[in-house]
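All heavy atoms count here, side chains included; hydrogens, waters and symmetry mates do not. For ligands, and for the atoms within them, numbers begin at 1 and follow the listed sequence.
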Amino acid sequence: MYIPYGHQSITEEDIQAVVDVLRSDYLTTGPAIGEFEQKAADYVGAKYAVAVSNGTAALHIACLAAGIAPGDEVITTPITFAASANCVLYCGGRPVFADIDPVTYNIDPAEIERKITPKTKAIIPVHFTGQPCEMEEIHRIAREHGLAVIEDAAHALGAEYKGQKIGSLPSDMTAFSFHPVKPITTGEGGMVVTDDAKLYERLCLFRSHGITRAEGLMGQNEGGWYYEQLELGYNYRMTDIQAALGSSQLEKLDAFIQRRSYLAGRYTEAFAGIPGLACPEQLPHAASGWHLYVLQFLEQERGQAFARLREAGIGVNVHYIPVYHHPYYRKHGYQDTFCPHAEQLYQHMLSLPLYPGLTEGQQDVVIEQVKKLV
Ligand SMILES: *Cc1c(COP(=O)(O)O)cnc(C)c1O
């Protein structure tokens, strides 16, 4: 029996919601999109939501809407999936990596300040593992330096910072992912939420070829067939099949997070006080979505722990290799980038299995195997 690190939870209701769309008139750009967007916007507490084909597309159109262009620098964390930085490269901008806080593993606001130059245009904080970044500090820095804030909340749908849901904070935009291991899934899928009407308009343009039929945006109107391409956009549209699954999944998000949080608590209870292990610390004023449970092996050789757990059928993983380590980044001017806290965490971290469908019995097997190692 293999226990993966993450897995979707799909019910008969989810399947029925998808089947209903398949029997309807619209497979894409139909009513299920608007319904999902409205539901998600209401859930996170944002005015506008734009559903797209995946989380990477969400980050890309957010950078485009924010006006990231060649010559611009955007500050993000190295402990993230490559997409958090690639979205800047897509726009011709340059990602700049600021080191993490060794306690929360999230981007350190003081390190952000250290990396600001006259070219800095935006900050992309990533709520790593679902634990919110210190957003109050990040917003203060952004205000002082006139920077846009695009939250990468791929891990953090449903998480809260100072009593407010991620997606309702005063950032310019917040991006979510609905990949199967993420808090809810649409197969592939993503979303950007914002409170800004102008950004919403631009996000909608970039999602669909830069094309509009809106009277207010077009220079003229030659008739009922007429539309205009105003920007160089993409086809990043979500299908109604995905959106229906997303609406159905959203109903269960709170229960998913409750279950993840309970299981995370069980891990911490089991490992607390064991020398050589470091459990993830939580901010008292935030509530994590518990996308990942990252355990640090401080004395054990991490590579060996990984191999032994995999042999035992436990799908541990490493989230993440610091982004600037990748050959593409090394080749493109990052060979001297070095964030000591990120390096230190990377040497010791393993993600343990954590998902709503993980049983206590399966989790006990994981706990037992980890304890055997140390
Ligand atoms: C998953 C993920 C993304 C990209 O989302 P996709 O839907 O897979 O494109 C971006 N950032 C982070 C931190 C992620 O974990």
Side-chain angles (χ1 to χ4, degrees), residues 4-8 36 40 49-64 68 74-91 95 97-98 100 104-107 122-133 135 138 149-159 166-167 171 173-193 203 206-207 234-239 242-243 245-246 249 260 280 288-294 317-326 329 342 345-346 349 351 354-355:
Y5 87 84
H7 196 271
Q8 70 274 16
F36 181 39
V50 180
V52 290
S53 48
N54 57 69
T56 305
L59 287 166
H60 185 190
I61 63 170
C63 285
L64 289 168
I68 304 305
V74 177
I75 298 173
T76 191
T77 172
I79 298 295
T80 186
F81 184 56
S84 312
N86 288 347
C87 59
V88 177
L89 294 174
Y90 295 157
C91 301
F97 297 101
I100 57 164
T104 62
Y105 312 156
N106 272 326
I107 195 166
I123 309 168
I124 302 182
V126 179
H127 306 305
F128 175 61
T129 74
Q131 168 156 249
C133 297
M135 292 309 298
I138 292 172
V149 177
I150 300 167
E151 294 174 54
D152 181 343
H155 298 182
L157 180 65
I166 293 300
S171 298
M173 289 167 277
T174 301
F176 298 101
S177 164
F178 308 127
H179 179 277
V181 296
K182 303 288 164 79
I184 64 167
T185 190
T186 60
E188 297 277 1
M191 189 174 277
V192 186
V193 301
L203 290 166
F206 286 118
R207 164 174 63 182
Y234 298 81
N235 179 354
Y236 280 166
R237 295 187 303 266
M238 178 182 266
T239 66
Q242 293 163 295
L245 179 54
Q249 284 264 299
R260 286 175 176 276
S288 179
W290 286 109
H291 168 56
L292 297 172
Y293 191 92
V294 170
N317 228 317
V318 175
H319 299 96
Y320 292 91
I321 303 158
V323 174
Y324 56 78
H325 278 208
H326 289 296
Y329 277 83
L345 178 64
Y346 174 55
M349 73 198 320
S351 303
L354 183 64
Y355 49 94

Let's go through M349 and V318 carefully: what are the C-alpha distance in whole Å and the side-chain angles of both, what is the deciding distance for side-chain contact (heavy atoms from CB on, under 4.5 Å) to 0.1 Å, and is it a yes or a no? CA-CA 6 Å; M349 73 198 320; V318 175; 4.0 Å; yes
side-chain contact (heavy atoms from CB on, under 4.5 Å), that's the test. Do L64 and Y90 meet it? Break it down for me. CA-CA 9 Å; L64 289 168; Y90 295 157; over 6 Å; no
Which option, S177, A153, G187, owns the non-hydrogen atom nearest atom 8 (O) of ligand 1? S177
Closest non-hydrogen protein atom to atom 1 (C) of ligand 1, residue and atom name please, with distance? K182 NZ, 1.4 Å
Looking only at protein heavy atoms, what sits closest to atom 4 (C) of ligand 1 is T56 OG1, 3.5 Å
Can you confirm if the aromatic rings of F178 and F36 lie within a centre distance of less than 6.0 Å? yes
Could you check, using the six-membered ring where one of them is a Trp, whether F81 and H319 have ring centers closer than 6.0 angstrom? no
At a 4.0 Å cut-off, with the gap strictly under it, does some heavy atom of [X] reach an atom of ligand 1?
{"X": "H319", "value": "no"}
{"X": "S84", "value": "yes"}
{"X": "A57", "value": "no"}

At less than 4.0 angstrom from any non-hydrogen atom of [X], what atoms of ligand 1 do you find?
{"X": "G55", "value": "5 (O), 6 (P), 7 (O), 9 (O)"}
{"X": "G189", "value": "7 (O)"}
{"X": "T80", "value": "13 (C)"}
{"X": "D152", "value": "10 (C), 11 (N), 12 (C), 13 (C)"}

Full working for ring-ring contact (aromatic ring centres under 6.0 Å, His included) between F206 and H60: CA-CA 9 Å; F206 286 118; H60 185 190; 8.1 Å; no
Side-chain heavy-atom pair E188, S53 within 4.5 angstrom cut-off: no
L345/I100 under side-chain contact (heavy atoms from CB on, under 4.5 Å): CA gap, chis, key distance, verdict: CA-CA 9 Å; L345 178 64; I100 57 164; 3.7 Å; yes
Tell me whether the rings of Y355 and H7 are parallel (<30°), tilted (30 to 60°) or perpendicular (>60°). tilted
Counting only heavy atoms, which portion of Y320 has something under 4.0 Å from ligand 1: side chain, backbone, both, or neither? side chain
